[in-house]
*Asks:* 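Dumping the structure here so I can ask a few things about it.
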Number of protein chains: 2
Amino acid sequence: MTLFWVKGYSATSLKDLEQALQMRPGSIYAAFRSKEALFRAALDLYAGRMEAELTAMIADAPSALTALRSYLLSLGGLDHCEKPSTACMLVKSLLEIQMDRPELRNVVLAHLETVRRLLAQGFARAVAAGELPQDADPARLARRMQTYVFGLKIQAQRETDPEAMQRLAQDLADEISDLRRAA
Amino acid sequence: MTLFWVKGYSATSLKDLEQALQMRPGSIYAAFRSKEALFRAALDLYAGRMEAELTAMIADAPSALTALRSYLLSLGGLDHCEKPSTACMLVKSLLEIQMDRPELRNVVLAHLETVRRLLAQGFARAVAAGELPQDADPARLARRMQTYVFGLKIQAQRETDPEAMQRLAQDLADEISDLRRAA
DNA sequence: TTATTACTTGAGCGATCGCTCAAAAACCTT
DNA sequence: AAGGTTTTTGAGCGATCGCTCAAGTAATAA
């Protein structure tokens, strides 16, 4: 998963995978059907963890809105050391995979949609808890939040100044907070 | 350029390039030094156009802030037909190119920095024109704006509902407008 | 026209790609 | 230990990769 995450699908060769998995080609093709199927498994693993993390983060917090805000803030502290890549594997895959591989693309799209739905659930909880106006549209807010996350993780990929990243995450998190007092 | 834009660097083969350029391998390697150098030329062409477009958009408009807002709004109408890809070639390249190709990476980073600087100039003009508070930080606003653009273009890559995209762009554009009355 | 230079061609190089499969090794069961 | 089953192995397949270069073609100069 880490290998695919960092190098992308087509830039990861079977030689790389053999070394990372400590398996010989025959075993790899016995366990998975193909390189594409292996990649799909890696995608599922990655997305599953992300979805679990997001679910827990929202469910455990007393305030859903604060949890969402904290998540954005945490992206501002993304270190290049703690994780294989600061960029999102789903986004990297979305940009790499073309229409000529519809199956893979649909897997990516499905996971992105699941994440968006989780975010929408969080916003819906915030609305139900009275943290947001009753007429706020969770789906719309979720799409906006996800757009922030996309942008933030890409900025993290290029930004070298930690303070600038921190400020940026703060600015975006404030947008979420400001929804509270918005009409 | 279009080929690299759509397929990415490593997924574009010389056979593809031969057909697109209507040149045989020898001529390609006489005109450019290598596949990497050709890609660099494509990057420069793409970024140059984007930078020119952005410069003109800001310079021609009576209000810099309105121009920046309009730019975000226009991203909401990105059609999958009019352009080769709705995603930004610079971002795609940033996510694809690893540290093991520092030259290419630096080219991408330099172009992204140039775009950010152009946006900062736009915000600086807005401050000078009194459209924004005097203590607004153009560099910070530019980084935020660029983050919006990154996120929007990625959403455009997956979103199928034009209305949702339009609403999303509207939401983000409104964030820029709201800066006017912010303290 | 002929000699010289500049450019184009495409066969094909060595390397690597994703992948297969017969043989070997490891693991059971009796 | 012996026989049967499952798993692992790695040599190597055909295809394609980025790239080279001797030979051929076109353009220019004398």
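Residue numbering restarts at 1 for every chain, and letters A, B, ... go by the order of the sequence lines.
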*Asks:* Counting only heavy atoms and a strict 4.0 angstrom limit, can you tell me which residues of residues 94-101 of chain A come near DNA chain D?
*Replies:*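 Here the set is empty: none.
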*Asks:* Parallel, tilted or perpendicular: which one describes the rings of A/Y148 and B/Y148, with boundaries at 30° and 60°?
*Replies:*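 Ring orientation of A/Y148 relative to B/Y148: parallel.
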*Asks:* Quick one: what's the B/S/- string for nucleotides 10-22 of chain C, heavy-atom cutoff under 4.0 Å, read 5' to 3'?
*Replies:* BB-----SBBBB-
*Asks:* Indicate yes or no for a side-chain donor-acceptor contact from A/Q98 to the backbone of B/V6 under 3.5 Å, with no hydrogens or angles considered.
*Replies:* yes
*Asks:* Please, which pairs that meet side-chain hydrogen bond (donor to acceptor under 3.5 Å, both in side chains) have at least one residue in residues 25-38 of chain A, sequence neighbours excluded?
*Replies:*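 Every pair satisfying side-chain hydrogen bond (donor to acceptor under 3.5 Å, both in side chains) with a residue in residues 25-38 of chain A: A/E36-A/R101.
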*Asks:* Which of parallel (below 30°), tilted (30 to 60°) and perpendicular (above 60°) describes A/Y46 and A/W5?
*Replies:*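 The arrangement is perpendicular - the two ring planes meet at more than 60°.
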*Asks:* Would you call A/E103 and A/R40 a salt bridge, taking side-chain N to carboxylate O under 4.0 Å as the test?
*Replies:*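 Here A/E103 pairs with A/R40 in a salt bridge, since their nearest N and O are under 4.0 Å apart.
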*Asks:* Check for a donor-acceptor pair, side chain of A/N106 on one end and backbone N or O of A/P102 on the other, with a separation under 3.5 Å.
*Replies:*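 Confirmed, A/N106 side chain pairs with A/P102 backbone.
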*Asks:* Salt-bridged, B/D171 to A/R143, with N to O below 4.0 Å?
*Replies:*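 So B/D171 does not pair with A/R143 through a salt bridge.
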